[in-house]
Amino acid sequence: MKHTYITTAIPYLNGDPHIGHAVDYCLADVFARYSRLKGDEVKFQAGTDEHGNKIFQKAKELGVPVEEYVQGNVDKFKDFIAKLNASYTDFVRTTDKQHEKRVQEIWLKLKEHIYKAGYEGWYCTGCERYVTEKECKENNGVCPDHQKPYEKLKEENYYFRISDFKDKIRQAIESDEMVILPEFRKKEILKLLDESPDVSVSRPVSQLTWGVPVPDDESQVMYVWVDALSNYLTVIGYPDDNDYSVWWPASVQIVGKDILRFHAILWPAMLMGLGLNLPKVILSHGMILADGQKMSKSVGNVVNPLEVLDKYGLDAFRYYFLRHVDTFSDSDFTWQKYDEAYNNELANDLGNLVQRLATLAQKNNLVLEKRANIGFSAEYQKYMESFEFSRAFDYVWDKIQNLNKRIDDEKPWMLAKNNETEKLNVCLNDLINDLLEANYELSVFLPNAADKIFEVFGDSIKPPETPLFPKTKK
RNA sequence: CGCGGGGUAGAGCAGCCUGGUAGCUCGUUUGGCUCAUAACCAAAAGGUCGUUGGUUCAAAUCCAACCCCCGCAACCA
């Protein structure tokens, strides 16, 4: 049996779930469901990144123990993922004891590529963090939050020597041994690769305590990368549980374009350092724009995914974010578009199609003879295998719209009126079976709706008592 | 001349790699239908394919130059 391992980026737990996380989970879920229906055994990882000063400070501000703070946020995320009906199989927290232990083992294995060096930069004692040269310049050398001038500070850090692997990474990307999707991101990464510096992977304990201690050096604590990126391995048992070898390399790792560089450069370097294969595909999706603009707290145009979910429910949410949001490039969200997609497409095209077919069948006491083998069509598979999910969805939708056309062309109600029972039977059986085939393909995108549709055309056919997608009044 | 993406109908987009009738969805107008959620189907109107030049029998598509828009990325080492 084929093993398919799908990963999602682990969100940093210093805030609430936002719409970008939802995209991650939805995309991963689509591929997971697709793979399962094809017969693969699927592992679908999700998790949370819980270390670091920001979380530590946030907890302090709120006056709660940091463990309690992260627990509360993990619950929010788990709840969110459940609401999306994302079918993950494994959940990893970077504060899991087992994860921490495994991360330390990974660190030790990478040791020959890790070196200690001084870091010098602009530091704000108020924020307790370094800022980039650029940020310092933009703020004219003064921290806007604390009104204190940045200080030039020096400290010891461990660095991961990416330069040990650059040539091999380039080769892996160019040869598509590790596919980066979409193509234009691949080009971007190849350009970035040359100028990628070695990455700082620890902080002195005086600065950072909420993290995994560096093994064999009490003065240092791991800083995000080795800790967070390793989750993809620790969750499947690496290095002590040999089960990991069944799942690794990952079939696809889904990330937002903002963190692609870490996944396409640092992460492969780490894997090479560990002597492991690279993931087969890294899929980088775009950002959701609010009415053409980047969402930002300062602009105040952040769309709350929970609010969107509440409006018309999960099917509508997944419908919009999997079909009208392009898998790879940035896409827009506006309430108007969301309304239109729901009413014109889900309700009118699909909801109404189910209703009319079910009613036709029921009124004419149709005996439904279901086709034995339902499967994926070749074209659909082609799209799915190349991770063009929104296109695959378009393709399915085309089938649905076509069914509406065919009903009009074949006029089953006329056949009924003329008592052409035999023809009517054939006609309705054909239409309904075609709907069920489309519904099978639809089920990876809209599992809930698909279930309901299969139920309508179950052993007996009963039209939904309440519309599948009740329309909203304008 | 930092890098990347883009400019195609009122809106949103596909087509460009691999030149050969400009296409899809929404919206608009008209018509049809009555199985259905005021749903469905059909037809029509609507385009100097950013600009200029080049290659070619033929350019949205290839080449060159230019103009314009948007990002540099989810709160940020």
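Values below: every heavy atom of this structure, side chains too, minus hydrogens, waters and symmetry copies.
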Item to complete: Please indicate whether A:E369 has more than 12 foreign heavy atoms, meaning atoms of other residues, nucleotides or ligands, lying under 6.0 Å from its CD.
Response: no
Worksheet item: Touch check for A:D398, heavy atoms < 4.0 angstrom, all strands: base, sugar-phosphate only, or nothing?
Response: nothing
Item to complete: Both distances under 3.5 Å, Watson-Crick or G-U wobble: report the partner of B:rA64, or none.
Response: B:rU52
Item to complete: Answer with base, sugar-phosphate or nothing: what part of the nucleic acid does A:L192 contact at a heavy-atom distance below 4.0 Å?
Response: nothing
Worksheet item: What nucleic acid atoms does A:K411 come within less than 4.0 Å of, heavy atoms only: base, sugar-phosphate, or nothing?
Response: nothing
Discussion item. For B:rA44, give the paired nucleotide (Watson-Crick: N1-N3 plus N6-O4 or O6-N4; G-U: N1-O2 and O6-N3; both under 3.5 Å), or none.
Written reply: B:rU28
Item to complete: Answer with base, sugar-phosphate or nothing: what part of the nucleic acid does A:N352 contact at a heavy-atom distance below 4.0 Å?
Response: base
Fill in: Whole-angstrom distance between B:rC49 and B:rA11, as gauged at atom P
16 Å
Fill in: Separation between the C1' atoms of B:rU48 and B:rU8, rounded to whole Å
12 Å
Discussion item. Just to be sure I understand the rule, does A:N14 reach a base, reach only the sugar-phosphate, or reach nothing, if contact means heavy atoms closer than 4.0 Å?
Written reply: sugar-phosphate
Worksheet entry | Salt bridge A:D217-A:K116, side-chain N to carboxylate O under 4.0 Å | yes
Worksheet item: Which part of the nucleic acid, if any, lies within contact of A:K257, taking any heavy atom under 4.0 Å across all strands shown: a base, the sugar-phosphate backbone alone, or nothing?
Response: base
Discussion item. Please determine whether side-chain hydrogen bond (donor to acceptor under 3.5 Å, both in side chains) holds for the pair A:T7 and A:Q45, giving the CA-CA distance in whole Å, both sets of side-chain angles, and the decisive distance to 0.1 Å.
Written reply: CA-CA 5 Å; A:T7 75; A:Q45 157 278 11; 4.5 Å; no
Worksheet item: What does A:P467 touch in the nucleic acid at a heavy-atom separation under 4.0 angstrom: a base, only the sugar-phosphate, or nothing?
Response: base
Worksheet item: How long is the line joining CZ of A:R391 and P of B:rC13, in whole Å?
Response: 14 Å
Discussion item. Just to be sure I understand the rule, does A:G286 reach a base, reach only the sugar-phosphate, or reach nothing, if contact means heavy atoms closer than 4.0 Å?
Written reply: base
Discussion item. Need one value for A:L357: base, sugar-phosphate or nothing, where a base atom within 4.0 Å counts as base even if backbone is also close, heavy atoms only.
Written reply: nothing
Discussion item. So, applying ring pair (Phe, Tyr, Trp, His ring centres under 6.0 Å) with A:Y319, which one of A:W397, A:Y312, A:Y338, A:Y342 is it?
Written reply: A:W397
Discussion item. Does A:E155 reach a base, just sugar-phosphate, or nothing at all? Heavy atoms under 4.0 Å.
Written reply: base
Worksheet item: What is the distance from CD of A:Q355 to C1' of B:rU34, rounded to the nearest Å?
Response: 15 Å
Discussion item. Mind checking if A:D330 touches a base, just sugar-phosphate, or nothing, with heavy atoms under 4.0 Å?
Written reply: base
Worksheet item: Does a distance-only test, which skips hydrogens and angles, find a donor-acceptor pair under 3.5 Å between the side chain of A:D258 and the base of B:rA73?
Response: no
